[in-house]
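One structure is given below, encoded as structure tokens.
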Amino acid sequence: MVRTFVFFLCFLWLLPAKSVFAREDKSWKLTSPNGAYEMQITQKEIASNKRQLYYRLNYKGKEVVTESELGIQLENQLFESALGIENDPSTYWCENLEFKEELRNTIEADWKPLYGERSYIENRYQELILKFTKFDEGSILTEGRHGTSYDKRRSYEMHLIVRAYNEGVAFKYFFPESTNGLFLHIVGEQTSFSFASGTKAYYERWAQGPYTLQPLKNWEDEGERPLTLELKNGLYVSLLEAQMIDYARTKFKLKLDEENTLQASIYDKVDAISPFATSWRVIMAAERAGDLIEHNDLLLNLNEPNQIKNTSWIKPGKVIRSGLTTVEAKACVDFAAAHNMQYVHLDAGWYGPEMKVASDARRVAENRNLKMQELINYAAAKNIGIIVYVNQRALANQLDELFPLFQKWGIKGVKFGFVQVGSNRWSDWLHKAVKKAAEHQLLVDIHDEYRPTGVSRTYPNLMTQEGIRGNEEMPDATHNTILPFTRFLAGAGDYTICYYNNRIKTTHAHQLALSVVYYSPLQFLYWYDKPANYQGEPEIEFFDRVKTVWDDTRVLDGKIGEYIVTARRSGSDWFVGTITNTDARAIAFTLDFLEKGKQYVMHIYTDDGQIQTKTKVAVNRFLVKSSETLRLQLKASGGAAIHFTPANKENEKKYKTLPKKVL
């Protein structure tokens with residue numbers, strides 16, 4: 001018996017160390033309901049006594065993300081030692097997590113939004129929850145009167161929550177409520193995204209800058225999100241963030257020790273108390289770039305349902321910006337009422353210098369010839385609402401006074417200006433301010449560097465936001481053809497469309513089309529224009545008729561940075577916007593989105609140098625059916641706007657059928 005035991009010890013000595021002491025690698029797989037996405041998660045040994053979490057992602061059998069790290073970094077060593085927890089020898093906090101439990105769920109929770117790009121949203125996914133602990137039994141020893149024992153109260157618990165939708169995949173880190181008294185001091189993430197060689201990204205350092213298509217190397221700084229990439233295998237991929245409410249804003253930086261790899265880079269450290277969850281990391285893939293746009297409800301699905309009980313006051317609409325006098329503002333009210341607009345906006349300066357902390361947004365500046373209450377009453381009589389701009393300096397100082405006061409005046413909405421974004425402190429403040437605005441029935445438009453992450457589902461009074469290089473900077477047409485596939489994947493964008501201003505770098509038909517291509521429930525039109533600029537141009541009827549929210553949205557065709565054709569339905573009407581970059585372009589698309597067997601009147605607005613107006617936009621009308629193909633020749637930096645209405649017998653007598661020629 002003794003000899004047998006000695007032999008067994010010798011046998012163990014001769015075996016490689018890993019075969020004796022290594023733990024078996026663990027692996028989990030999650031697929032989307034339609035089987036298109038397949039995500040594999042593994043926890044494997046990377047060195048002696050070191051285990052690390054990884055994932056990889058495929059879409060329709062094609063590689064999207066190659067093996068990449070998962071993990072979140074905590075630094076709580078000082079407080080851990082106070083509880084008798086020995087120093088953690090791990091390089092990364094998520095090394096050597098103890099796997100405890102796996103949960104799987106199949107969810108079908110479709111819903112109807114209050115407004116949106118679609119009137120019905122599918123919310124279907126497969127969910128995998130992996131529960132891990134750190135400093136669990138076998139790791140923490142406690143010396144007591146009865147000898148050595150394990151203390152589970154000192155352990156952490158972390159869940160990796162993964163969801164696979166037909167539209168994309170998402171994952172986040174969740175810490176249930178702890179019993180050990182430790183807070184969470186989050187200093188970063190290991191979360192990375194590795195791609196095959198040759199991948200390129202539409203890179204930009206900040207939300208209001210121009211994009212450039214670059215390889216994954218030699219970046220000057222972090223890349224903005226959404227970050228859209230083109231893979232060598234033909235796939236289009238976008239990296240996004242959802243439900244960023246009280247976390248730190250994420251961008252993407254190159255991982256210097258791994259080629260073609262990006263790492264989630266949070267703005268700053270996060271201090272939190274469990275239960276606590278990070279924002280969602282989201283990956284979307286598509287064989288056709290337009291499918292990314294058609295699937296952008298994914299971010300809404302990753303947020304909580306609407307928390308506002310009475311939503312009757314939340315009304316989307318079109319907005320014109322006014323000068324800051326009573327005369328100018330009343331003229332805008334009259335123009336808005338005559339042209340089917342719903343709001344007039346008073347921009348920065350109405351209450352004084354916005355950048356001064358001492359500025360008081362509770363009253364109109366003395367040097368302004370603006371009678372606020374008179375204007376609000378005048379507008380209300382014409383069913384027009386007033387929206388006012390307030391810089392965050394005043395909001396932060398006077399929030400509890402301003403919102404009740406604005407509600408008393410009859411103000412309908414507030415544009416938050418120059419908000420601080422990035423830290424979890426200001427993220428938390430901002431979303432609490434949106435909630436407080438809802439309590440006083442105020443719509444919200446957040447300007448400057450704020451990018452949406454789907455929070456409008458939870459608080460639909462947050463209707464739109466900037467975080468976009470719009471017509472305040474007068475970008476060129478190429479930039480405009482990149483935005484739908486990048487920034488607009490995250491949600492509504494306040495681009496501030498212009499029409500008459502001579503600084504626009506596109507044609508006027510291009511600007512008309514933007515009101516369809518770009519989604520915003522509060523759609524600002526005529527940003528640098530005045531009512532007096534309008535001289536009866538017939539194409540303005542398109543702005544009069546276009547909607548700001550939709551029952552259906554389809555991207556008929558498009559290529560990032562070159563052109564796009566977007567069709568949106570409201571009731572029985574369809575609107576189409578198509579724009580090209582700085583190159584002239586021939587466009588052709590079928591009208592099969594129209595109801596079959598039904599005839600429509602096509603009202604089409606195109607650039608035409610022969611038209612005797614200052615805007616040079618032609619208006620034509622034809623009878624069309626779903627079986628027909630429309631062929632257009634777009635001018636450089638141009639576009640076309642189209643409105644389809646069901647035809648009646650009078651229309652059939654009045655208009656000709658669609659000619660075979662190129663329009």
Side-chain angles (χ1 to χ4, degrees), residues 26 28 39 41-44 46 50-57 65 67-80 85 87-101 128-136 139 155-163 169-178 180 182-194 222 225 239-253 255 258 261-283 302 422-425 427-428 453:
K26 297 180 176 66
W28 303 268
M39 186 167 178
I41 300 164
T42 58
Q43 186 186 38
K44 66 180 185 179
I46 58 175
K50 279 196 174 187
R51 286 168 292 130
Q52 171 61 43
L53 282 168
Y54 294 90
Y55 78 100
R56 58 174 63 244
L57 179 66
V65 180
E67 187 174 77
S68 303
E69 291 184 6
L70 290 168
I72 190 165
Q73 272 291 75
L74 300 186
E75 285 186 2
N76 282 1
Q77 288 89 344
L78 181 61
F79 294 95
E80 289 166 359
I85 299 176
N87 288 335
D88 181 9
S90 303
T91 305
Y92 297 106
W93 189 87
C94 280
E95 283 179 6
N96 302 327
L97 294 177
E98 291 288 339
F99 171 67
K100 290 299 178 183
E101 187 179 7
L128 171 65
I129 303 174
L130 300 177
K131 296 184 178 182
F132 298 92
T133 59
K134 190 175 180 72
F135 304 134
D136 206 345
S139 297
S155 66
Y156 292 90
E157 185 174 355
M158 187 201 79
H159 300 174
L160 175 63
I161 304 176
V162 188
R163 293 181 182 176
V169 299
F171 57 90
K172 69 179 179 180
Y173 309 98
F174 172 69
F175 294 86
E177 185 174 1
S178 171
N180 62 16
L182 290 172
F183 64 83
L184 304 172
H185 182 59
I186 300 170
V187 297
E189 292 189 20
Q190 283 176 265
T191 310
S192 64
F193 310 85
S194 296
E222 299 171 322
R225 90 280 190 261
L239 307 180
L240 307 97
E241 183 175 25
Q243 202 181 33
M244 207 288 286
I245 299 174
D246 59 354
Y247 197 54
R249 181 268 295 136
T250 301
K251 291 187 181 182
F252 302 99
K253 67 179 181 181
K255 198 170 182 182
E258 292 184 36
T261 299
L262 301 171
Q263 186 163 2
S265 177
I266 64 174
Y267 177 87
D268 202 357
K269 300 175 180 64
V270 176
D271 288 314
I273 298 174
S274 61
F276 182 79
T278 67
S279 53
W280 290 96
R281 304 286 166 244
V282 185
I283 308 171
L302 289 163
S423 70
N424 72 307
R425 172 199 171 189
S427 295
D428 182 62
T453 62

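Throughout, numbering of the chain's residues begins at 1 and tracks the sequence.
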Point to revise | Criterion side-chain contact (heavy atoms from CB on, under 4.5 Å) on V162 and M39, from CA distance to verdict | key: CA-CA 9 Å; V162 188; M39 186 167 178; 3.6 Å; yes
Practice item. Give the intermediate values and the outcome of side-chain contact (heavy atoms from CB on, under 4.5 Å) for residues L97 and Q43. Key: CA-CA 9 Å; L97 294 177; Q43 186 186 38; 4.0 Å; yes
**Study point:** Intermediate values then yes/no, side-chain contact (heavy atoms from CB on, under 4.5 Å), F174 and I129
**Key:** CA-CA 10 Å; F174 172 69; I129 303 174; over 6 Å; no
Practice item. Please step through salt bridge (charged side-chain N to carboxylate O under 4.0 Å, His left out) for the pair K134 and E157, ending with a clear verdict. Key: CA-CA 7 Å; K134 190 175 180 72; E157 185 174 355; over 6 Å; no
Practice item. Take Q52 and E95, measure what side chain to side chain donor-acceptor pair (under 3.5 Å) needs, and give me the verdict at the end. Key: CA-CA 5 Å; Q52 171 61 43; E95 283 179 6; over 6 Å; no
Point to revise | side-chain contact (heavy atoms from CB on, under 4.5 Å) assessment of L240 paired with W280 | key: CA-CA 8 Å; L240 307 97; W280 290 96; over 6 Å; no
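Here the options are H159, R163, Q243, the test is side chain to side chain contact (heavy atoms under 4.5 Å, CB included), and the partner is K172; only Q243 passes.
Judged by distance alone, the side chain of S274 and the main-chain N or O of S178 form a donor-acceptor pair under 3.5 Å. Between the Q73 side chain and the W93 main chain, a donor and an acceptor come within less than 3.5 Å of each other. A donor-acceptor pair under 3.5 Å is absent between the side-chain atoms of D246 and the main chain of S427, judged by distance alone.
By the side-chain hydrogen bond (donor to acceptor under 3.5 Å, both in side chains) test, W28 pairs with E102, sequence neighbours left out.
The heavy-atom pair separating N76 from H185 by the smallest distance is OD1-CB, 3.0 Å. The two residues G71 and C94 make their nearest non-hydrogen contact at CA-SG, 3.6 Å. The two atoms that bring T453 and R225 nearest to each other are CG2-NH2, 4.0 Å, heavy atoms only. Closest non-hydrogen pair, A248 versus D268, comes out as CB-O, 3.5 Å. Listed here is the closest heavy atom pair of S68 and S194: OG-N, 2.8 Å.
Expressed to the nearest 0.5 Å, how far CD of E101 lies from NZ of K131 amounts to 4.5 Å. The structure places OG of S265 at 4.5 Å from NZ of K253, a figure rounded to the nearest 0.5 Å. Residue S423 holds its OG atom at 11.0 Å from CD1 of I266, rounded to the nearest 0.5 Å.
The salt bridge (Lys or Arg N to Asp or Glu O under 4.0 Å) contacts involving residues 269-281 comprise E189-R281, E241-R281, where partners must be two or more places apart or lie in separate chains.
Side-chain contact between I72 and T278 is present, with at least one heavy-atom pair separated by less than 4.5 Å. Residues Y247 and D428 are not in side-chain contact: their nearest non-hydrogen atoms beyond the backbone lie 4.5 Å or more apart. Proximity of E69 to E258: side-chain heavy atoms (C-beta onward) are separated by under 4.5 Å at one or more points. Here the side chains of L70 and I41 are in contact, with some heavy-atom distance below 4.5 Å. Contact annotation: the side chain of Y173 never approaches that of I161 to less than 4.5 Å [non-hydrogen atoms, C-beta and beyond]. The side-chain heavy atoms of L53 and T42, taken from C-beta on, include no pair separated by under 4.5 Å. Counting only heavy atoms from C-beta outward, the side chains of T191 and Q263 never approach each other to under 4.5 Å. Annotation: side chain of L184 is not in contact with side chain of I273 (no heavy-atom distance under 4.5 Å).
When only modelled atom types and interatomic distance are considered, K50 and T91 share a side-chain donor-acceptor pair under 3.5 Å. Under 3.5 Å, the side chains of T133 and E98 contain no donor-acceptor pair of N or O atoms. Checked by atom type, the side-chain pair Y267/N424 shows no donor-acceptor distance below 3.5 Å.
For the pair K44 and Y54, the cation sits on the ring face: its NZ or CZ lies under 6.0 Å from the ring centre, inside 45° of the axis.
Between F193 and F252, the ring center distance clears the sub-6.0 Å criterion. Here Y55 and F171 bring their ring centres to under 6.0 angstrom of each other. Aromatic ring centroids of F99 and F132 lie under 6.0 Å apart.
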